[in-house]
Amino acid sequence: MISIVVLGAGNIGVNLCHAINSSKNLKLVQWYNRSPIKPDYILKKVSTTNDISKLVNADLYIIAVSDKAIKTISNSIKFSNRLVVHTSGCLSMHELNKKNRPGVLYPLQTISKENLIDFVKVPMCIEAGLDLDKKKLKKVAYELLSPTFFVDCEQRKKLHLSAVFINNFSNQMFRIAHELTDKKNLNFEILKPLILETAIKVQKMTPYNAQTGPAVRGDKKTIKKHLNLLCDQPELKKIYEIITNSIQSTHDKRKL
């Protein structure tokens with residue numbers, strides 16, 4: 001049984017606490033948050049605190065807070081020589097105070113506390129300085145049923161950057177499409193099957209081979225029509241031009 005303290009009650013913290021609490025071989029012994037944890041998220045038989053000086057003994061401490069708060073939280077911890085990890089995709093494990101054994105347990109998935117996620121769908125990227133700690137973090141990921149990958153800091157940064165393109169940027173494209181359809185009193189639901197099919201295709205082929213549309217075909221007439229439709233929205237027109245040029249450039253290079 002691995003005893004765990006989670007620090008933070010944001011998206012990742014809430015999801016980790018619920019998943020750990022549901023595991024047979026993991027024990028959530030305490031949940032810390034700077035402000036009192038909302039009653040909706042509190043778990044039965046799990047101690048909560050907003051006083052970092054009152055953290056209890058545990059095998060693992062997971063700091064699941066914003067990147068800018070990780071160092072402050074780590075420096076505020078009073079004990080030493082225990083395994084303390086953060087969940088950031090961008091920060092080095094050495095951002096953590098050296099008095100404890102640092103590591104990273106980075107869940108590579110879009111996570112919301114309003115919709116608890118099944119960790120089977122969450123690849124877990126692990127890093128630690130000691131082999132013993134790596135094994136412990138792998139065991140935690142195994143008990144959460146997460147696919148596990150040992151990833152160093154530079155690899156994790158590139159993964160996080162890639163995730164921003166895949167998730168945040170694509171969602172912004174969805175938002176733009178929603179705006180365009182709303183302006184013409186069209187139901188955004190019409191586009192949802194296309195969103196799903198696009199995601200499914202890259203499970204079966206490379207993104208390069210999955211790419212379709214006027215930019216790949218070199219359909220200048222259609223591209224011009226689209227740009228004309230965006231004449232009154234210069235920001236969207238610029239986005240359309242940049243992405244079209246990027247697609248064309250990528251496919252032109254592959255032809256050489």
### Query
Around Glu235, counting heavy atoms of other residues, nucleotides and ligands shown, do more than 12 lie under 6.0 Å from its CD?
no

### Query
Thr244 side chain to Ala215 main-chain N or O, any donor-acceptor pair under 3.5 Å?
no

### Minimum heavy-atom distance Asn100-Asn81, with the two atoms named
OD1-N, 3.1 Å

### Query
Does Ile52 share a hydrophobic cluster with Val29, counting links as ILVMFWY side-chain heavy atoms below 4.5 Å and allowing steps through other members?
yes

Identify each donor-acceptor pair in which a side-chain atom of residues 53-65 lies under 3.5 Å from a protein atom, sequence neighbours left out, and give them as a table.
{"from": "Ser53", "atom 1": "OG", "to": "Asp51", "atom 2": "OD1", "distance (Å)": "2.6"}
{"from": "Ser53", "atom 1": "OG", "to": "Asp51", "atom 2": "OD2", "distance (Å)": "3.3"}
{"from": "Asn57", "atom 1": "OD1", "to": "Arg82", "atom 2": "NH1", "distance (Å)": "3.1"}
{"from": "Asn57", "atom 1": "OD1", "to": "Arg82", "atom 2": "NH2", "distance (Å)": "2.9"}
{"from": "Asp59", "atom 1": "OD2", "to": "Ser3", "atom 2": "N", "distance (Å)": "2.8"}
{"from": "Asp59", "atom 1": "OD2", "to": "Ser3", "atom 2": "OG", "distance (Å)": "3.0"}
{"from": "Tyr61", "atom 1": "OH", "to": "Val56", "atom 2": "O", "distance (Å)": "2.6"}
{"from": "Tyr61", "atom 1": "OH", "to": "Ala58", "atom 2": "N", "distance (Å)": "2.9"}
{"from": "Tyr61", "atom 1": "OH", "to": "Arg82", "atom 2": "NH1", "distance (Å)": "2.7"}

### Task
Test Leu236 against Glu179 for side-chain contact (heavy atoms from CB on, under 4.5 Å), laying out the working first.
CA-CA 11 Å; Leu236 297 189; Glu179 178 185 321; 4.0 Å; yes

### Query
Checking Thr48 side chain against Val46 main chain: does a donor-acceptor pair fall under 3.5 Å?
no

### Query
salt bridge (charged side-chain N to carboxylate O under 4.0 Å, His left out) between Glu143 and Lys139: does it pass, once the steps are laid out?
CA-CA 6 Å; Glu143 293 298 335; Lys139 173 68 172 174; 2.8 Å; yes

## Note on the structure
On a heavy-atom basis, the closest approach of His226 and Tyr240 is ND1-OH, 2.6 Å

### Task
Give a yes or no answer on whether the side chain of His86 reaches the backbone of Ile70 with a donor-acceptor pair at less than 3.5 Å.
no

### Query
Taking the side chain from Asn15 and the backbone from Ser112, do they hold a donor-acceptor pair closer than 3.5 Å?
yes

### Residue pair Glu189, Lys192: steps toward the salt bridge (charged side-chain N to carboxylate O under 4.0 Å, His left out) verdict
CA-CA 5 Å; Glu189 293 289 326; Lys192 287 187 177 180; 2.8 Å; yes

### Message
Is it the case that atom NZ in Lys71 sees more than 12 heavy atoms from other parts of the structure closer than 6.0 Å?
### Response
no

#### Entry: Check: Leu144 main-chain N/O paired with Ser23 side-chain donor or acceptor under 3.5 Å
no

### Message
Donor-acceptor pair, distance only, cut-off 3.5 Å: does the side chain of Asn187 make one with the backbone of Ile190?
### Response
no

## Note on the structure
Heavy atoms of Phe79 and Lys99 approach each other most closely as O-CE, 3.5 Å

### Query
Got a second to check how far Leu28's CG is from Lys45's NZ, nearest 0.5 Å?
13.5 Å

### Message
If hydrophobic clusters are built by linking Ile, Leu, Val, Met, Phe, Trp and Tyr wherever their side-chain heavy atoms come under 4.5 Å apart, do Leu108 and Phe119 end up in the same one?
### Response
no

### Query
Is there a chain of hydrophobic side chains (I, L, V, M, F, W, Y, each step under 4.5 Å between heavy atoms) that links Ile166 to Val151?
no

#### Entry: Heavy-atom pair with the smallest gap, counting every atom of Asp67 and Cys90
OD2-CB, 3.9 Å

### Query
Going from CG on Asn11 to OG on Ser66, what distance comes out if it is rounded to the nearest 0.5 angstrom?
11.5 Å

### Query
Looking only at atom types and distance, does a side-chain atom of Ser146 sit under 3.5 Å from a main-chain N or O of Val122, one as donor and one as acceptor?
yes

### Summary
Residues Leu96 and Gly103: closest non-hydrogen pair is CD1-O, 3.5 Å

### Message
Tell me if the NZ atom of Lys138 is crowded by more than 12 foreign heavy atoms within 6.0 Å.
### Response
no

### Ring geometry between Trp31 and His18 (parallel below 30°, tilted from 30 to 60°, perpendicular above 60°)
perpendicular

### Message
Surrounding NZ of Lys113 (heavy atoms of other residues, nucleotides or ligands, distance under 6.0 Å), is the total greater than 12?
### Response
yes

### Message
Could you check whether Asn209 and Thr206, counting side-chain N and O atoms only, form a donor-acceptor pair closer than 3.5 Å?
### Response
yes

### Message
Under a 3.5 Å distance rule, please check whether Gln30 uses its side chain to pair with a backbone N or O of Thr49 as donor and acceptor.
### Response
no

### Query
Going through the checks in order, is the salt bridge (charged side-chain N to carboxylate O under 4.0 Å, His left out) test met by Lys158 and Glu154?
CA-CA 7 Å; Lys158 284 295 175 67; Glu154 291 306 310; over 6 Å; no

### Task
Using atom types as modelled and distance alone, determine if a side-chain donor or acceptor of Ser246 lies under 3.5 Å from a backbone N or O of Ile242.
no

### Message
Students often mix this up, so state it plainly: with edges at 30° and 60°, are the rings of His160 and Tyr106 parallel, tilted or perpendicular?
### Response
tilted

### Query
Does CG belonging to Asn115 count more than 12 external heavy atoms closer than 6.0 Å?
no

### Query
Looking at Val104 and Ser88, what are the two nearest heavy atoms and their distance?
CG1-O, 3.9 Å

### Message
Donor-acceptor check, side chain of Arg156 to backbone of Leu91, threshold 3.5 angstrom: yes or no?
### Response
yes

